[in-house]
Protein chains: 2
Amino acid sequence: MKELKNFFEAKSIAIIGASHSQGKIGYSVLENFVKNNFNGKIFPINPNTEEILGLRCYKSVLEVKEKIDLAIIVVPAEFVVKVLEECVKKKVFHAIVISAGFSEIGDKKQTQKLENFLKKHKNFRIIGPNCLGILDTITRIDSLFLPINRLQRPASGSISFVSQSGALGSAVIDWAAMKGYGLNRFVSYGNAMDVDESDLLEFLADDKETKVIVLYIEGVQNGKKFFFALQKASSKKPVIVIKGGTSSEGSKAVASHTGALAGNAKVFEAVIKQANAIQAKTMQEVFDFARVFALEPKMLGKKIQIITNGGGYGVLATDSVIENELELARMDNNRKKLIAKHCPSYAVIENPIDLIGDANAERYKVALEQALLDRNVNAIICILLFQVPTLEEEIIKIVREINAKKTKPLLFVSVGGNYTEKMISRLKGQNINVFDSPTAAAEALKKLFEHCKKAER
Amino acid sequence: MKELKNFFEAKSIAIIGASHSQGKIGYSVLENFVKNNFNGKIFPINPNTEEILGLRCYKSVLEVKEKIDLAIIVVPAEFVVKVLEECVKKKVFHAIVISAGFSEIGDKKQTQKLENFLKKHKNFRIIGPNCLGILDTITRIDSLFLPINRLQRPASGSISFVSQSGALGSAVIDWAAMKGYGLNRFVSYGNAMDVDESDLLEFLADDKETKVIVLYIEGVQNGKKFFFALQKASSKKPVIVIKGGTSSEGSKAVASHTGALAGNAKVFEAVIKQANAIQAKTMQEVFDFARVFALEPKMLGKKIQIITNGGGYGVLATDSVIENELELARMDNNRKKLIAKHCPSYAVIENPIDLIGDANAERYKVALEQALLDRNVNAIICILLFQVPTLEEEIIKIVREINAKKTKPLLFVSVGGNYTEKMISRLKGQNINVFDSPTAAAEALKKLFEHCKKAER
């Protein structure tokens, strides 16, 4: 197993190719470290500059007297091996090579040079080349050269995300940040000349901060290695995989894009299933599954209670529960009577529990508490429609309190415009899962149930 | 065919049960008319008040000397027939009855009274009872009693939306407003004691301002009438239907929610297909299909050109195109050469056209222009990833210009956080379709192609 810890936990970092020209990658990477208040030491390396962003600049890593744990390399392709050799001399054995200009543009000479280096130094670990590298929300190592005003960084969470595509990866974490989905570690590994998806799976499988692994993958070099890594990781935590190049045309697009083979889609699907990993079809699905795995308690059965203040969404939620092979829970009659006491006579306290259009926070409180206590209920889908003014802001406090002490999965669904978004944003960061459709919530519960059942065996 | 024009185009409106107590429905309805700058005359009716919101209040419609086109009724159920009888005397023959307390709560007495009234006055048209009524973005008739700070009103557009569920309908238009999807007419028709979904379909089929009809339906009273109305409307414009109660459990939820029969899901599906309407599964799908029908030109074939600045999304788009039974276009070689001239040598000018991570607005301009001109291309999916700073704001201007003169469907896909959302919002209101995943874009193009093929016959 490759030693990858330094990539994520380095305490002193050399940025080789740091630049004082705004707009250059060598500037952006350094700027992000400075702006993010990285806790460790940063050594900008550039033979032609004395100081960048207030930091002393070194001619090479050899000039630095202190220990360096990790090098981030942004020099042009033809200089990469030269600076790597200097790293070896300085006893730096981990490098993120952001620089492009290797196999992805068909440059055999530079590729060969880097391959030879890696053969010569078998204990040297490289992520890349041609990658964004790493974003670690805990240690704040952030080699993404995209500026924060274009690409928001997500809050800390327990989902780690490995992406074969840098552009897709960065779009997705930007989106995840806006959505309030917490991330732990993100890796864009580019051409994977040394560290590949399998190595990263192995590392994240043992990483205590990672509860769920998400993987965007187009093709793998070593299928057998990948299968065993995926199987091992899946035995420890949920691994959700989205595959680019599932069609033969998509597979050709992969070839022209990365030079890698996408492989047969059906074979890949079988591999994922056999390895006990979870396949998703869209990035929205990936994160809908991931955040349910990350934030919800175990789901011990498939009986779902629906609570709503709008009949129509209650109906759609019921359809979605059934379509996803889950069942409607039958709550205890005494509990139903208790809820009914707090509602007008025409409220429907069955499944769905329809608290009716003029429901207030108090009605939700009683219904949620009783459903959470009821042994006949394994999970809850609770629909909150904020268009009606009777649903006061107090609901936010109640949802937070109830969610904090839940002992079974509790997913919220809320659909609406700016006011609704404002309310939802106040639930974010509180480990509350809010979905924008009952369908998405039910699909995520199905995956959670399947996973819990497998894990039991 | 029922005469429904007054519901949408009334120039003088009585609000019967108008109230000066904030928080009451009779206040909200009147307030919305005043705030929305309704162009016609408004007559608040309330025997116990002299003035509300600066408007003179009348004891009954009979006290009003001027002509009244439409009554909006918010009095308690037991007074509804009494005020309706006054409407008859005043020669008002259209009423939106918002008041609840009829069959939906099992009140047979009030239901019977209203039924008798309708039997007696066969030329009297009622929408409701137990409904939100109408939102017309052109005439600004707006009987929705939900305040604007909770429920945004959408901009004018050419999609009309009929919803059997008021709560679902209001959540969806609130969401549509935020998303920037333009709406024409929205109707929540409640218990449908007189005007039902079929009548509304007939009306909207002939409505020139409506290009696409969207229908959320749980169950119908008269299946045959519905089938013919749906078939006739579908022969004139696309009708997209989403059905609540597709599972037998969902169907039971419908029964307890509305008292109507949901009917067998499979029968319903067959009816929709036979009538040439389009079925959708989620509200997101409904509006993804609807806005493509509303804003895109005819799609004459199934050859799609993909343009991207991120390889991974190009791959996912390719997969989605193939999964949706569309094909990859093969552009003319001279056009491809022209695009290549504006790109670095390692850009891939095939399908997808990968303009590479550092693509600027100029590269997109050339690629879009050539793809639009190319006879081998029937539609375009253009992916814009804003995480890279090389994609300048100028792209907005270019996209607007190119979109305005397009002669084939052109869908944009953009994924990201706050900066991306800001850019997307600048494209809204310009009749530009932006999707949040290539999958959604390809699914919508599939529906558009199928519809155009049918319409040709």
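Proteins come first, then strands; the chains are lettered A, B, ... in the order of their sequence lines, and each starts at number 1.
Scanning all heavy atoms of the two residues, the minimum distance from A/Ala253 to B/Thr318 falls at CB-OG1, 4.1 Å. Of all heavy-atom pairs spanning A/Gly312 and B/Glu218, the tightest one is CA-OE2, 3.4 Å. Residue A/Trp175 comes nearest to B/Val415 through the heavy atom pair CB-CG1, 4.1 Å, listed as atom of the first residue, atom of the second, then distance.
Heavy atoms closer than 4.5 Å to chain A are found nowhere in B/Phe145, neither backbone nor side chain. With a 4.5 angstrom heavy-atom cutoff, B/Glu249 touches chain A via backbone and side-chain atoms both. At a 4.5 Å heavy-atom cutoff, the contact between A/Asp319 and chain B is made by backbone and side-chain atoms alike. Of the atoms belonging to B/Ser170, heavy atoms from both backbone and side chain fall under 4.5 Å from chain A. Heavy-atom distances place both the backbone and the side chain of A/Thr246 under 4.5 Å from chain B. Heavy atoms closer than 4.5 Å to chain A are found nowhere in B/Met423, neither backbone nor side chain. When heavy atoms are compared at a cutoff of 4.5 Å, B/Asn418 approaches chain A by way of both its backbone and its side chain.
Of the inter-residue distances, the one linking B/Leu385 atom CG with A/Arg150 atom CZ reads 11.5 Å to the nearest 0.5 angstrom. The distance from the CD atom of B/Gln152 to the OG1 atom of A/Thr420 is 8.5 Å, given to the nearest 0.5 Å. B/Glu421 contributes atom CD, which lies 9.5 Å from atom CG of A/Asp174 (distance to the nearest 0.5 angstrom). If you take OG on A/Ser247 and CG on B/Leu328, they are separated by 7.5 Å, rounding to the nearest 0.5 Å. Here NZ of A/Lys281 is found 7.0 Å from CD of B/Glu323. Values are rounded to the nearest 0.5 Å.
Listed by chain and number, the residues in a side chain to side chain donor-acceptor pair (under 3.5 Å) with B/Gln279 amount to none (sequence neighbours excluded).
Note: B/Ala171 leads B/Gly169, B/Ala167, B/Ala171 in heavy-atom pairs under 4.5 Å with chain A. Ranking B/Ala176, B/Gly314, B/Ala440, B/Gly417 against chain A, the residue ahead of the rest is B/Gly417, based on heavy-atom pairs under 4.5 Å. Contact count against chain B (heavy-atom pairs under 4.5 Å) is highest for A/Pro147 among A/Gly106, A/Pro147, A/Ser437, A/Gly23. Chosen from B/Ile322, B/Thr308, B/Leu151, the residue pairing most often with chain A at heavy-atom distances under 4.5 Å is B/Ile322. Of the listed residues (A/Ala177, A/Gly357, A/Pro389), the one with the most heavy-atom contacts under 4.5 Å to chain B is A/Pro389. The candidate from A/Ile356, A/Leu391, A/Ile306, A/Ile383 with the greatest count of non-hydrogen atom pairs under 4.5 Å with chain B is A/Leu391.
In this structure, A/Val172 and B/Tyr313 have side chains that are in contact, with non-hydrogen atoms separated by less than 4.5 Å. The shortest distance between side-chain heavy atoms of A/Leu316 and B/Tyr216 falls below 4.5 Å. Proximity of B/Phe386 to A/Leu146: side-chain heavy atoms (C-beta onward) are nowhere separated by under 4.5 Å.
For B/Lys422, the NZ atom sits in a loose shell: 12 or fewer heavy atoms of surrounding residues, nucleotides or ligands are nearer than 6.0 Å. In the displayed structure, B/Lys303 atom NZ is contacted under 6.0 Å by at most 12 heavy atoms of other residues, nucleotides or ligands. For B/Glu325, the CD atom is loosely surrounded, since the number of other residues' heavy atoms within 6.0 Å does not exceed 12.
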B/Thr439 vs A/Gln284, side-chain hydrogen bond (donor to acceptor under 3.5 Å, both in side chains): CA-CA, chis, key distance, verdict: CA-CA 11 Å; B/Thr439 314; A/Gln284 179 69 62; over 6 Å; no

